[in-house]
> 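Pasting a structure here, questions to come.
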Amino acid sequence: MKKISLALTTLALSFATNAAFADSSACDPGERVVKFSHVTGGTTHPKVVAANNFAARVNKEMNGRLCVEVFPNSTLFGDSKELEALLLGDVQLLAPSLSKFGSYTPKYGVFDLPFIFKNMDQAIRFTNSPQGKDLLYAMKDNVGFVGLGYWMSGMKYFSANKKLILPSDAKGLKFRVQTSDVAKAMIEAMGASPQAMAFSEVYGALQTGVVDGQENTWSNIYTKKFYEVQDSITETDHQLLAYLFMTSQDFLDSLSPADRKQFLQIADEVTQEANQSVKAKEAENRANILKAGGKINTLTPEQRQIWVETMKPVWKKFQNDIGENLINAAANS
């Protein structure tokens with residue numbers, strides 16, 4: 001009870017700046033509370049919108065049986081603690097980046113391979129393919145994690161405290177990356193130094209010079225105001241950022257067959273709807289960055305091809321771990 005009390009106190013204190021979470025008072029006595037923790041703030045980010053839409057649908061359509069509470073912006077668990085919390089049953093739903101699972105399975109590294117997807121449409125086709133759907137269960141047997149769907153956030157772009165046009169411009173710089181071996185190898189291929197760091201720490205690290213740059217989507221760059229502490233952003237479209245909307249097998253097994261079927265159906269419908277709306281939101285936040293004074297560098301086809309060639313060795317390095325067939329399925333989706 002002490003842990004729950006602390007979490008609710010934290011939420012109460014942060015209500016003014018994190019209005020996107022669902023108040024626990026919305027759950028009726030007798031309903032089973034399902035806690036959904038994620039690390040993203042604001043109200044317009046695609047993950048925030050999808051999480052809130054999922055909670056709203058479950059709370060309406062499964063009223064009296066399940067009640068989803070959303071805890072955004074690391075108000076319940078941060079990057080480093082949320083997977084452990086899911087294993088312990090302290091939370092039932094998460095939406096971490098696919099880059100977070102390297103210590104559990106190498107298979108999700110396929111999403112991190114630079115330039116494997118030309119755009120989000122190709123990535124969505126892959127996630128809806130038999131190979132993509134099978135990947136939802138890549139951690140089921142060894143850890144007990146189960147994917148409910150892939151939530152797209154957008155393609156990723158490099159920003160830095162200097163103008164980046166070619167990969168060689170990044171030589172000697174320090175870039176924040178997620179805890180992904182593929183992402184680290186990508187930064188090293190540019191002659192730069194990867195620095196793994198929690199998402200919540202990135203703005204301060206950029207501001208103080210602990211790192212020189214980062215890579216992210218338009219929505220993350222805009223909502224976290226990274227453009228304020230970077231010289232410019234380069235429109236590389238080099239990598240996909242997607243989240244694994246996930247739960248535990250223990251939680252699914254605890255639901256009645258009828259409740260489990262309805263819960264999974266809502267999860268799939270919210271996922272498909274969310275992914276179709278991301279492109280518009282990304283375009284909107286790109287425009288918002290420019291309106292706010294951020295600078296964006298565009299690449300010629302020839303310049304972009306130099307980036308592609310620079311990153312090719314990364315594919316070969318992880319081919320055996322990820323699986324050649326899986327890589328081919330993603331690249332040819």
Side-chain angles (χ1 to χ4, degrees), residues 36-39 47 77-117 122-153 156 177-188 194 196-199 215 238-253 264 267-268 271 275 311 313-333:
F36 188 165
S37 174
H38 66 78
V39 302
K47 185 199 290 188
F77 295 104
D79 266 336
S80 62
K81 298 292 184 182
E82 59 181 9
L83 290 173
E84 179 185 358
L86 183 60
L87 281 174
L88 294 173
D90 292 333
V91 65
Q92 289 72 47
L93 294 169
L94 302 174
S97 164
L98 285 160
S99 298
K100 301 286 178 61
F101 300 106
S103 60
Y104 300 105
T105 175
K107 299 299 183 183
Y108 288 124
V110 69
F111 291 97
D112 282 342
L113 291 175
F115 299 104
I116 193 167
F117 299 117
Q122 182 184 349
I124 292 170
R125 286 196 299 272
F126 173 65
T127 60
N128 287 326
S129 72
Q131 295 91 337
K133 290 180 179 178
D134 284 346
L135 268 183
L136 291 172
Y137 305 97
M139 299 179 289
K140 176 177 176 286
D141 293 335
N142 65 330
V143 192
F145 292 155
V146 178
L148 299 171
Y150 305 96
W151 287 0
M152 301 293 147
S153 181
K156 291 165 78 173
V177 294
Q178 295 176 308
T179 53
S180 159
D181 289 339
V182 178
K184 292 174 184 176
M186 177 182 68
I187 298 300
E188 289 168 352
M197 183 181 298
F199 184 59
E215 38 131 25
H238 63 276
Q239 201 180 54
L240 175 76
L241 177 60
Y243 308 106
L244 186 68
F245 178 33
M246 65 184 294
T247 186
S248 68
Q249 188 62 45
D250 284 346
F251 171 71
L252 290 179
D253 289 344
L264 292 174
D268 183 63
T271 295
N275 287 343
M311 302 299 184
V314 178
W315 286 36
K316 189 171 183 180
K317 181 174 181 178
F318 293 95
Q319 180 175 291
N320 291 337
D321 291 334
I322 296 171
E324 187 174 359
N325 290 340
L326 191 58
I327 292 173
N328 289 338
N332 297 316
S333 292

> Sequence neighbours left out, what passes side chain to side chain donor-acceptor pair (under 3.5 Å) with Q92? Give chain and number order.
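If we apply the side chain to side chain donor-acceptor pair (under 3.5 Å) test to Q92, skipping adjacent residues, there are no hits.
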> Could you list the residues that satisfy side chain to side chain donor-acceptor pair (under 3.5 Å) with T179, not counting sequence neighbours?
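T179 satisfies side chain to side chain donor-acceptor pair (under 3.5 Å) with no residue once adjacent residues are dropped.
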> Applying salt bridge (Lys or Arg N to Asp or Glu O under 4.0 Å), can you list everything that pairs with K107, at least two apart in sequence or on another chain?
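Salt bridge (Lys or Arg N to Asp or Glu O under 4.0 Å) check on K107 returns nothing, list empty.
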> Just to verify, what does F111 make a ring-ring contact (aromatic ring centres under 6.0 Å, His included) with, not counting sequence neighbours?
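Here the qualifying residues are F126, Y150.
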> I'd like to check the side chain to side chain contact (heavy atoms under 4.5 Å, CB included) partners of D250; sequence neighbours left out, ordered by chain and number.
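Partners of D250 by the side chain to side chain contact (heavy atoms under 4.5 Å, CB included) criterion, ordered by chain and then number, come out as S248.
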> Can you list the residues that meet the ring-ring contact (aromatic ring centres under 6.0 Å, His included) rule with Y137, with sequence neighbours excluded?
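If we apply the ring-ring contact (aromatic ring centres under 6.0 Å, His included) test to Y137, skipping adjacent residues, there are no hits.
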> Which pairs with one or both residues in residues 313-333 pass ring pair (Phe, Tyr, Trp, His ring centres under 6.0 Å), sequence neighbours excluded?
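Residue pairs passing ring pair (Phe, Tyr, Trp, His ring centres under 6.0 Å), neighbours aside: none found.
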> Can you list every pair that meets side chain to side chain donor-acceptor pair (under 3.5 Å) and has a residue in residues 77-88, with sequence neighbours left out?
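Qualifying pairs, neighbours excluded: D79-K100.
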> Enumerate the residue pairs fulfilling side chain to side chain donor-acceptor pair (under 3.5 Å) with a member in residues 318-333, sequence neighbours excluded, ordered by first and then second residue.
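Sorted pair list comes back empty.
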> Looking at residues at least two apart in the chain, or sitting in another chain, which of them share a ring-ring contact (aromatic ring centres under 6.0 Å, His included) with F245?
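F245 satisfies ring-ring contact (aromatic ring centres under 6.0 Å, His included) with F36, F54, W151 once adjacent residues are dropped.
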> How would you list, by chain and number, every residue that makes a side chain to side chain donor-acceptor pair (under 3.5 Å) with D112, sequence neighbours excluded?
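Partners of D112 by the side chain to side chain donor-acceptor pair (under 3.5 Å) criterion, ordered by chain and then number, come out as S99, S180.
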> Report the residue from L93, L148, L94 that forms a side chain to side chain contact (heavy atoms under 4.5 Å, CB included) with M246.
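For M246, the side chain to side chain contact (heavy atoms under 4.5 Å, CB included) test succeeds with only one of L93, L148, L94, which is L94.
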> Could you give all pairs that pass the salt bridge (Lys or Arg N to Asp or Glu O under 4.0 Å) test and reach residues 130-142, with sequence neighbours left out?
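Qualifying pairs, neighbours excluded: none.
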